[in-house]
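The next block holds one structure in the form of structure tokens; read it before the comments.
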Protein chains: 2
Amino acid sequence: MLNQVRQVLPQLSPSEGRVAQWVLDHPKEAAGATLALVARECGTSEPTVLRFCRRVGLSGFRELGIRLTEALSHPVSYVHRDVCPDDSSSDAVLKVMDASIQSLIDMRANLSAMPIDQSVAILSKARQIAFGGLGASGHVARDACHKFFRLGIPCSTLVDTPMILQFAAIAQSSDVMVLLSHTGRWPEFATAARLATSRGATVIAITNPDSELARDASLVFPCQVIEDTSIYTPMSSRLAQLALLDALHVALALACGEPAADRLRISKDALHAQAV
Amino acid sequence: MLNQVRQVLPQLSPSEGRVAQWVLDHPKEAAGATLALVARECGTSEPTVLRFCRRVGLSGFRELGIRLTEALSHPVSYVHRDVCPDDSSSDAVLKVMDASIQSLIDMRANLSAMPIDQSVAILSKARQIAFGGLGASGHVARDACHKFFRLGIPCSTLVDTPMILQFAAIAQSSDVMVLLSHTGRWPEFATAARLATSRGATVIAITNPDSELARDASLVFPCQVIEDTSIYTPMSSRLAQLALLDALHVALALACGEPAADRLRISKDALHAQAV
DNA sequence: TTGAGCATGTAGTAAAATTACATCATTATC
DNA sequence: GATAATGATGTAATTTTACTACATGCTCAA
């Protein structure tokens, strides 16, 4: 909303521009203000304020109040703003955290498009699960492996292409291979997916839906890659992948019922017996 | 807000109750509605609607609109709700995602209490950085190591207690050891922290502030551990740690200026030359 | 049965939002 | 350089909206 105001500001006439500027400077005050007050505050007349509202695409002054409280009630909005070289450390940290939060929120909004139930059904019957990923995704794969193994399912991690290809080559029908790739463009991943599926195994891809890997996988969790305009932008999508695997892990634990829950409890207790 | 309405509903008179019910049923509509419209819609009079507003603790009808848009603009609140065994897969997944999002939001709110500037200052002058963590924190440590090493700083990962103790024993004054532990209760971590600081090295702890480790570290990033009431609760705090390290990494890259930015760019290009 | 107390509605009021129209300045056109 | 045209801005009237004061009617108890 405030961005919308900023955007039309240059096209506004002087008086209307003053109103826009005042709204931007005092958004909190403007949200609850009355038409007369705003006019007085900006040294203009009521109709001018109203014209300003219309010009930013609102139906009237009342809607301005609604839109403004809406925008402000997110005490902070986690919209992505690029980190720029002259940011202070604290600014940069805030921006990165916001980007991370936003990427999780985006993923949450997309959950309905993901094959969660199918994946849980297949994973719960898996003979073994292998998690494959290169570079940063390798760490996610390791983490996932560590998590799922506590359910009592044989798990392994594949962090280089030879390993991934070898696993695919010897996969059996009840094996599951989870492949993590941000862009899905490593040709070896698609090859491994084809190889594994041809042998009857299931390949779950957590990747860009417009990729060769996505086409060749059995199940795809679409993860849009945020175009990183700035070199400072970290891989927020990696966080989202981790959270997704967390969620899948819990869903699987539920689906497996008591035995899995027991194993979780036991493995937690094993740690707490000492300290964590 | 809506909860507030629900709470007073039983104490309301019939007509006022109808208003409350309508507001609960059509919150979106109610947010922008006019007094007359609500009265008509509920088959009652305007003063009754107004009385309803007063009874839920508002100053008038106008405030109802504000509170309502406020409540609705958080399309969902990411409050933590425990996963229970009879949840469906999709319910469980949503709950886990919400918990993850909330833990990031909490961390963001706590950023001001963290020694970001000091850490950046020390890290930018570090001869080498070692990231230490056990179990799940080990994966976070590996991920962080992978990230910081791309800045051109010598980095290593320590994923077991002997390694952590050995690093501490041979640490030099410009070395930095980053220790990750959710509870901070492993005695070896505190020992390592004492050992390393006594040799002039800096120990940055990302851990529970009420722990031995926190006391013995040079700098502490407090991370409150969410009491995991349910065995299904995953380690959301691990996500927050990752995001924090992401942020710290970006802040450090900024502080190091062009050389670090160049290295980041080069390492990104090295990947993009093939595919990621 | 009558009056106290409460729920509800009617009618009125003040203020706010919106509209219609007038004025002024600026620019374009002849 | 006068004049029409366009657009910005304000004034005043109108409508709508929120809110108040008061009246009606109902329920229950003495």
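Between the side chain of T207(B) and the backbone N or O of S181(B), at least one donor-acceptor pair lies under 3.5 Å. A donor-acceptor contact shorter than 3.5 Å links the side chain of E63(B) to the backbone of S59(B). With R18(A) contributing its side chain and C42(A) its backbone, the two residues share a donor-acceptor pair below 3.5 Å. Remark: side-chain polar atoms of T69(A) are not paired, donor with acceptor, to backbone N or O of A31(A) under 3.5 angstrom.
Among the atoms of the strands shown, only primed sugar atoms or phosphate atoms (P, OP1, OP2) are found under 4.0 Å from some heavy atom of T48(B). Contact annotation for R62(A): backbone-only contact, meaning every heavy-atom pair under 4.0 Å involves sugar-phosphate atoms and none involves a base.
In this structure, R54(B) places its CZ atom 7 Å from C1' of dC19(D), rounding to the nearest Å. One can place CZ of F52(A) at 13 Å from P of dT9(D), the figure rounded to the nearest angstrom. For the pair L50(A) CG and dG10(D) P, the interatomic distance rounds to 14 Å; values are reported in whole Å. Atom CZ in R51(B) sits roughly 12 Å away from atom P in dA21(D) (whole-Å rounding).
Residues from residues 25-41 of chain B with heavy atoms under 4.0 angstrom of DNA chain D, sorted by number: T34(B), L35(B). Within residues 12-23 of chain B, no residue places a heavy atom under 4.0 Å from DNA chain D.
Side-chain contact between H249(B) and R150(B): present, with at least one pair of heavy atoms (C-beta onward) separated by less than 4.5 Å.
In this structure, S15(A) OG and F52(A) CZ are separated by 12.5 Å, a value rounded to the nearest 0.5 Å.
A salt bridge links K147(A) to D143(A): at least one charged side-chain nitrogen sits closer than 4.0 Å to a carboxylate oxygen. A salt bridge is absent between E212(A) and R185(A): the closest approach of a Lys/Arg side-chain nitrogen to an acidic carboxylate oxygen does not fall below 4.0 angstrom.
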Quick one, D106(A) with Q102(A), criterion side-chain hydrogen bond (donor to acceptor under 3.5 Å, both in side chains). Give me CA distance, side-chain angles, the key distance, then yes/no. CA-CA 6 Å; D106(A) 289 346; Q102(A) 192 58 51; 3.1 Å; yes
Might you work through the side-chain hydrogen bond (donor to acceptor under 3.5 Å, both in side chains) test for S100(A) and S103(A), ending with a clear yes or no? CA-CA 5 Å; S100(A) 304; S103(A) 74; 5.7 Å; no
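Note that the first and last nucleotides of DNA chain C, 5' to 3', having any atom under 4.0 angstrom from a heavy atom of chain B are dA7(C) to dT10(C).
Of all the heavy atoms in P209(B) and A214(B), the pair that sits closest is O-CB, 3.4 Å.
Mapping P47(A) and R55(A) onto DNA chain D via the closest heavy atom, the residue that lands nearer the 5' end is R55(A).
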